[in-house]
Trainee: 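Here it is, the structure in full.
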Number of protein chains: 2
Amino acid sequence: MRRQSAVQKPEISTRDRILNAAVLRFSRRSYEETGLRDIAADVGIDVSYVHRCFGSKKRLFAEAVEAAIRPVHLPTSGTGEVACSLAQQVFARDATRSHGNIGPLDIVVRSFASEDAARVVRQFILKDFINPLAEKLDQPAASRATLIAAFLAGVRIFRNVLRIAPLFKAERSELEGLIANVIEEMMKVDPVAQGHRRLTG
Amino acid sequence: MRRQSAVQKPEISTRDRILNAAVLRFSRRSYEETGLRDIAADVGIDVSYVHRCFGSKKRLFAEAVEAAIRPVHLPTSGTGEVACSLAQQVFARDATRSHGNIGPLDIVVRSFASEDAARVVRQFILKDFINPLAEKLDQPAASRATLIAAFLAGVRIFRNVLRIAPLFKAERSELEGLIANVIEEMMKVDPVAQGHRRLTG
DNA sequence: TGCTCCGGTCAACAATCGTTGACATAGATC
DNA sequence: GATCTATGTCAACGATTGTTGACCGGAGCA
């Protein structure tokens, strides 16, 4: 019924509306807790059409992850700027999808536990975050980049999923300062000279 | 049929066998992916008895978390020792429940996505980890302790749940060195003096 | 007019889930 | 022996899930 209304209205397609609804749902609840019927109800259509558009729940989820994430912005300048930028981005919420405090990261961190979802998420984290970041780091670059990713994911989980009080209520600028410092530490410290010193026993 | 067999054999109760099986299942799969029938099958009994013993799936999960976790060991000495100890414990696997690479932390990090499970997990993290750790830290102690917890959780998730290659395959001692350093940094750096310097713009 | 394709609905499938209540068995107690 | 209670089993409930196939209205085309 909702055909191109006379003129050239951009008029987002039903498929994209499903995708948007899916991103929001998957960002707020776990993969299993989110039903296709919920998503269909958001758009105002029947479940079967969701399935017809995307083939399966797993594929819809994969497309939702791909649609939600956007490339992480990594400044080309020194380590300090990179650290600060990452610290800010971990708190960023999505500008366009401004419902609640949902950001593009949340759909990723919500979906670790389920095997179906984890496969999708793992690929994204490696390709779109760890690998680009590792190019900016000293050896062992891959380990450093992964630890940074794990830290950011942990912070986002504690703050937005578990809603642990100290991270949920604390002043954002204070946290950003702490986090930026930690990230900078992860980027530059030599593990052999400083890290192993206490680990012999 | 399995009464105290004549003498004083310790003979673990069926209830505890259910609990053990639940810990393993919940550590390996998400809360929703784990069915009561799977747990019952592990023990070799009927589903209904699982339900009769624990009242509901949610309560069984809560008891499983409580049974799986054990108090984190915090050395009383300096920050360096605490950092090293935490770095080692994040890689520790459970000695008694030695199936696979399952450790007491995994049931926690597997289950944060589901709301039912998150409520249980949140309480444990605050009471048994963040609060004891915060007593050893400078202000803002709660924020620091929570960031450390988030970091450790992130590392465990990336390594044991997502199985991200760099953390999954890297040399353990190398990672421990990096992690211990990062934790020490989180414990002692003054956020106002060092953290805010770049965040004014 | 007739045909076909797109966008979408409707009803139902088979499976799985947590949950419930009725019933069985075996010791312990009286 | 009769009764009670702990330890289980069995069968089924109602709800929800992802999934499937039949169907339908309207637009475009010949």
Side-chain angles (χ1 to χ4, degrees), chain A residues 1-22 25-26 28-65 111 113-117 119-120, chain B residues 1-22 25-26 28-65 111 113-117 119-120:
Chain A
M1 62 169 81
R2 182 69 47 90
R3 280 281 146 174
Q4 301 267 99
S5 60
V7 264
Q8 78 286 6
K9 261 233 218 94
E11 191 128 16
I12 177 173
S13 74
T14 305
R15 192 179 194 278
D16 286 345
R17 289 167 62 218
I18 296 174
L19 207 52
N20 285 343
R25 286 275 179 187
F26 284 130
R28 279 200 260 253
R29 297 287 192 189
S30 73
Y31 177 76
E32 288 100 348
E33 279 176 319
T34 303
L36 295 185
R37 281 171 175 84
D38 303 328
I39 297 170
D42 290 343
V43 183
I45 57 166
D46 192 86
V47 211
S48 58
Y49 192 60
V50 177
H51 206 271
R52 274 250 318 225
C53 276
F54 294 91
S56 75
K57 183 184 184 182
K58 203 191 302 186
R59 270 204 288 257
L60 169 60
F61 176 77
E63 284 213 42
V65 170
S111 318
S114 161
E115 277 299 314
D116 278 359
R119 211 165 296 121
V120 176
Chain B
M1 61 168 84
R2 181 70 43 94
R3 280 282 148 174
Q4 301 268 97
S5 60
V7 264
Q8 78 286 5
K9 262 238 215 91
E11 189 130 17
I12 177 173
S13 73
T14 304
R15 191 180 195 278
D16 286 344
R17 288 167 61 220
I18 295 174
L19 207 52
N20 285 343
R25 286 275 179 184
F26 284 130
R28 278 201 260 254
R29 297 286 192 190
S30 74
Y31 178 77
E32 287 102 347
E33 278 176 320
T34 303
L36 296 184
R37 281 171 175 85
D38 303 328
I39 296 171
D42 290 343
V43 184
I45 57 166
D46 192 85
V47 209
S48 58
Y49 193 61
V50 176
H51 205 270
R52 277 253 314 224
C53 276
F54 294 91
S56 73
K57 183 185 185 181
K58 202 189 305 187
R59 270 203 287 257
L60 169 60
F61 176 77
E63 284 212 42
V65 170
S111 319
S114 159
E115 277 300 312
D116 278 359
R119 211 165 296 121
V120 175

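Side-chain atoms are counted along with the backbone in the values below, which use heavy atoms only and exclude waters and symmetry mates. Proteins come first, then strands; the chains are lettered A, B, ... in the order of their sequence lines, and each starts at number 1.
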Trainee: Tell me: CG of B:Asp46 to C1' of D:dG8, nearest whole Å?
Mentor: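 From B:Asp46 CG to D:dG8 C1': 8 Å.
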Trainee: Answer yes or no: is there a side-chain heavy-atom contact under 4.5 Å between B:Ile12 and B:Asn20?
Mentor: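 Yes, side chains in contact.
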Trainee: Expressed in angstrom and rounded to an integer, what is the separation of B:Phe54 atom CZ from C:dT19 atom P?
Mentor: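 Taking CZ of B:Phe54 and P of C:dT19, I get 13 Å after rounding.
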Trainee: B:Asp42 versus B:Ile18: any side-chain heavy-atom pair under 4.5 Å?
Mentor: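 Not touching, per the 4.5 Å side-chain cut-off.
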Trainee: Both conditions, 6.0 Å and 45 degrees, for the charged tip of B:Lys57 above the ring of B:Tyr31: are they met here?
Mentor: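 Judged by the rule, B:Lys57 and B:Tyr31 form a cation-pi pair.
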Trainee: When we call it a touch if two heavy atoms are under 4.0 Å apart, what does A:Thr14 touch: a base, just sugar-phosphate, or nothing?
Mentor: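 Answer is sugar-phosphate: A:Thr14 comes under 4.0 Å of backbone atoms only.
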Trainee: When the distance from CG of A:Asp38 to C1' of D:dG18 is rounded to whole Å, what number comes out?
Mentor: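 Rounding to the nearest Å, CG of A:Asp38 and C1' of D:dG18 are 13 Å apart.
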Trainee: Specify the separation, in whole Å, of atom CD of B:Glu33 and atom C1' of D:dT16.
Mentor: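 These atoms are roughly 17 Å apart.
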Trainee: Taking CD1 from A:Ile12 and C1' from C:dG7, how many angstroms apart are they, rounded to a whole number?
Mentor: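 That distance rounds to 16 Å.
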Trainee: More 5' along DNA chain D: A:Thr34 or B:Val47, using each one's nearest nucleotide?
Mentor: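 The residue closer to the strand's 5' end, by nearest nucleotide, is B:Val47.
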Trainee: Of the listed nucleotides (C:dC17, D:dT19, D:dT9), which one gets closest to any side-chain atom of B:Ile45?
Mentor: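 Out of C:dC17, D:dT19, D:dT9, the nucleotide with an atom closest to B:Ile45's side chain is D:dT9.
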Trainee: Whole angstroms only, please: what is the CD-P distance between A:Glu32 and C:dA15?
Mentor: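 Atom-to-atom, A:Glu32 to C:dA15, this comes out as 20 Å.
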Trainee: Please give, in whole Å, the distance from D:dA11 P to B:Arg52 CZ?
Mentor: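 In whole Å, D:dA11 P lies 18 Å from B:Arg52 CZ.
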Trainee: Does a salt bridge link A:Glu63 with A:Arg15, judged by any charged N lying under 4.0 Å from a carboxylate O?
Mentor: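 Looking at A:Glu63 and A:Arg15, the cut-off is met.
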Trainee: Nearest whole Å is fine: how far is C:dC23 P from B:Tyr49 OH?
Mentor: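 It is 20 Å, rounded to the nearest whole Å.
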Trainee: Hey, is the side chain of B:His51 poking within less than 4.0 Å of OP1 or OP2 on C:dG18, counting only N and O atoms?
Mentor: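 For C:dG18, OP1/OP2 do not have a side-chain N/O of B:His51 under 4.0 Å.
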Trainee: If you check every side-chain atom of A:Ser48, which of C:dG18, D:dT9, D:dG21 has the closest atom?
Mentor: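 Closest of the options to the side chain of A:Ser48: D:dG21.
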